[in-house]
There are 2 protein chains.
Amino acid sequence: MHSLYALRSGFMKSCVLHEDGREQVAGFHMMGDLMGMDAIGSNQHLCDSIALEDSDVCDIPLTDLETLSREIPSLQQHFHRIMSREIAHDYGVMLLLGSMRAEERLAAFLLNLSQRFAARGYSSTEFHLRMTREEIGSYLGLKLETVSRTLSHFQTEGLLAVQNKHLRILKIEALQELVGQHSCRS
Amino acid sequence: MHSLYALRSGFMKSCVLHEDGREQVAGFHMMGDLMGMDAIGSNQHLCDSIALEDSDVCDIPLTDLETLSREIPSLQQHFHRIMSREIAHDYGVMLLLGSMRAEERLAAFLLNLSQRFAARGYSSTEFHLRMTREEIGSYLGLKLETVSRTLSHFQTEGLLAVQNKHLRILKIEALQELVGQHSCRS
DNA sequence: CCTGCAGTTTGACGCAGATCAAATCAGAGG
DNA sequence: CCTCTGATTTGATCTGCGTCAAACTGCAGG
């Protein structure tokens with residue numbers, strides 16, 4: 001606590017915990033992501049971060065970061081930008097959870113993964129899902145059966161090819177269209 | 001843009017916009033809240049903030065805040081704490097949208113309002129809802145009819161007294177229990 | 001190679017909440 | 001006081017997704 005964590009390599013999830021023991025996946029993190037920004041205000045992390053494959057994490061003491069920020073304005077700005085992006089991202093997730101149907105949620109999720117892999121120099125159309133269907137479901141506010149069914153459905157429609165955890169996007173435009181549409185709800 | 005906004009008095013909502021024109025309420029703000037923290041990273045506000053009653057807003061240029069932060073460590077820490085709290089709050093909303101049923105969502109919403117009024121010196125059990133049922137629904141990922149029905153249901157159960165937009169909480173423990181329970185989903 | 005287990009797929013069924021519709025209510029303006 | 005309009009309530013019906021159940025797959029350990 002009172003540190004931030006930079007993910008240098010690997011893949012992780014963060015989970016929010018309920019008082020009653022139930023938990024929900026709040027996000028997936030990959031190389032370069034900064035984690036733990038929820039804890040600055042409360043001295044206590046709301047999330048557990050759990051590695052989904054061998055990962056390398058760098059501990060950043062908050063006091064060091066704040067001291068350096070005062071001396072290096074560009075670092076300060078960068079840090080603020082990162083926190084802000086986290087907030088903006090969360091708004092996107094709220095939108096997703098609050099007003100999208102299962103197909104749209106999954107399409108948005110896959111497109112987001114795709115973009116993030118692309119930004120890191122990996123293929124944007126073919127990658128490995130490191131998380132289980134249940135974890136995807138938890139993140140998207142769906143049950144694992146619904147995730148599985150929706151993936152199968154996308155496959156029969158020819159939008160993607162799924163083989164266990166390996167995934168290939170065949171019609172990225174169709175997925176984008178799905179997300180843009182908002183055929184119903186809210 | 002490139003300013004933050006402190007709400008000095010009044011009551012506002014912020015809405016996230018879809019590409020396709022649809023919008024969702026991302027949060028409600030009252031006296032003392034800081035708004036616009038989603039825009040630091042992107043140079044562009046994702047949200048429109050709209051006053052729900054006469055409000056008084058104070059513009060805080062980001063560059064000023066950053067300059068002052070460098071000189072006054074306690075201000076810097078305070079700012080970081082506020083951003084962090086926003087992130088933590090968003091995680092709470094994600095939990096709510098992803099894994100709670102209608103009754104639990106509404107109970108959580110009312111309890112949150114109650115706490116915030118209390119923190120500002122107003123009654124924690126009797127207050128005016130400044131937003132419409134539709135806005136509540138949008139925030140909670142429900143339709144206005146469901147919000148209305150659930151409020152009615154709470155009323156017949158004796159948990160609260162609702163008269164149009166005026167609300168009185170009668171059994172706060174019962175509401176808290178509802179939120180803690182998590183009888184189903186996810 | 002066999003076994004066990006966690007993860008996944010698929011089907012059948014039920015329900016919470018969306019949708020459609022209509023009646024009522026409250027406040028603003030004349 | 002009356003009218004108009006947007007907000008709210010309430011009912012009836014529909015449906016997407018959750019729930020329950022069963023079979024299948026792939027991998028790790030013996």
Candidates [options] - which lies nearest the side chain of [X]:
X: Lys143(A); options: dG17(C), dG18(D), dA18(C); value: dG18(D)
X: Arg101(A); options: dC17(D), dA21(D), dC20(C); value: dC17(D)
X: Ala102(A); options: dC17(D), dG17(C), dT8(D); value: dC17(D)
X: Arg133(A); options: dT9(C), dA18(C), dT10(D); value: dT9(C)

So, is [X] close to the [N] phosphate, meaning a side-chain N or O under 4.0 Å from OP1 or OP2?
X: Lys165(A); N: dT8(C); value: yes
X: Ser152(A); N: dT10(C); value: yes
X: Thr146(B); N: dG17(C); value: no

Practice problem: Dump the intermediate steps for side-chain hydrogen bond (donor to acceptor under 3.5 Å, both in side chains) on Arg70(B) and Gln76(A), then the final yes or no. | Solution: CA-CA 9 Å; Arg70(B) 266 175 252 135; Gln76(A) 182 195 34; 2.9 Å; yes
Quiz item: Centroid-to-centroid, His166(B) to Phe127(B), below 6.0 Å?
Solution: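 Centroid distance His166(B)-Phe127(B): not below 6.0 Å, so no.
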Quiz item: Quick check, are the ring centers of Phe28(B) and Tyr139(B) under 6.0 angstrom apart?
Solution: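 Aromatic pair counts; centres sit under 6.0 Å.
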Quiz prompt | Among Met131(A), Met12(A), Arg130(A), side-chain contact (heavy atoms from CB on, under 4.5 Å) partner for Glu53(A) | solution =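 That would be Arg130(A); it is the only one of Met131(A), Met12(A), Arg130(A) passing the side-chain contact (heavy atoms from CB on, under 4.5 Å) with Glu53(A).
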Quiz item: Only one of Asp64(B), Asp59(B), Leu62(B) clears side-chain contact (heavy atoms from CB on, under 4.5 Å) with Ser3(B); which?
Solution: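 So the option named by the test is Asp59(B).
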So which protein N/O to nucleotides 23-29 of chain C N/O distances come out below 3.5 Å?
none

Quiz item: For atom OH of Tyr122(A), is the number of surrounding heavy atoms from other residues, nucleotides or ligands below 6.0 Å larger than 12?
Solution: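 It does not: Tyr122(A) OH has 12 such atoms or fewer within range.
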Quiz prompt | Whole-Å gap separating C1' (dT8(C)) and CG (Leu167(A)) | solution =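 For the pair Leu167(A) CG and dT8(C) C1', the rounded distance is 15 Å.
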Quiz prompt | Side-chain (Ser114(A)) to main-chain (Thr125(A)) donor-acceptor, under 3.5 angstrom | solution =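 Such a contact is absent between Ser114(A) side chain and Thr125(A) backbone.
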Quiz item: Taking side chain as C-beta onward, heavy atoms only, is Leu65(A) less than 4.5 Å from Leu75(A)?
Solution: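 With C-beta onward as the side chain, the pair touches.
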Practice problem: Compare all side-chain heavy atoms of Glu104(A) with those of Arg101(A) and state whether any distance is below 4.5 angstrom. | Solution: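 SC-SC contact between Glu104(A) and Arg101(A) confirmed.
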Quiz item: If you fit an axis to the five pairs at each end of the helix from dC1(C)-dG30(D) to dG30(C)-dC1(D), how big is the angle between those two axes, to 10 degrees?
Solution: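 Answer for the end axes of this duplex: 50°.
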Quiz item: Contact class for Leu151(B) vs. all strands (heavy atom < 4.0 Å): base, sugar-phosphate, or nothing?
Solution: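 Since no nucleic acid heavy atom lies under 4.0 Å of Leu151(B), the category is nothing.
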Quiz item: Between His29(B) and Ser14(B), is a side-chain hydrogen bond (donor to acceptor under 3.5 Å, both in side chains) present by the stated rule, with each step listed?
Solution: CA-CA 8 Å; His29(B) 307 287; Ser14(B) 18; 2.5 Å; yes
Exercise. Could you pick out which residue, Leu144(A) or Glu134(B), lies toward the 5' side of DNA chain D when each is mapped onto its nearest nucleotide?
Key: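 The answer here is Glu134(B).
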Write out a two-atom table: protein N or O, nucleotide N or O from nucleotides 12-14 of chain C, distance below 3.5 Å.
residue: dA12(C); atom: N6; partner: Arg149(A); partner atom: NH2; Å: 3.4

Self-check item: Salt bridge Asp33(A)-Arg85(A), side-chain N to carboxylate O under 4.0 Å
Solution: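 Here Asp33(A) does not pair with Arg85(A) in a salt bridge, since their nearest N and O are not under 4.0 Å apart.
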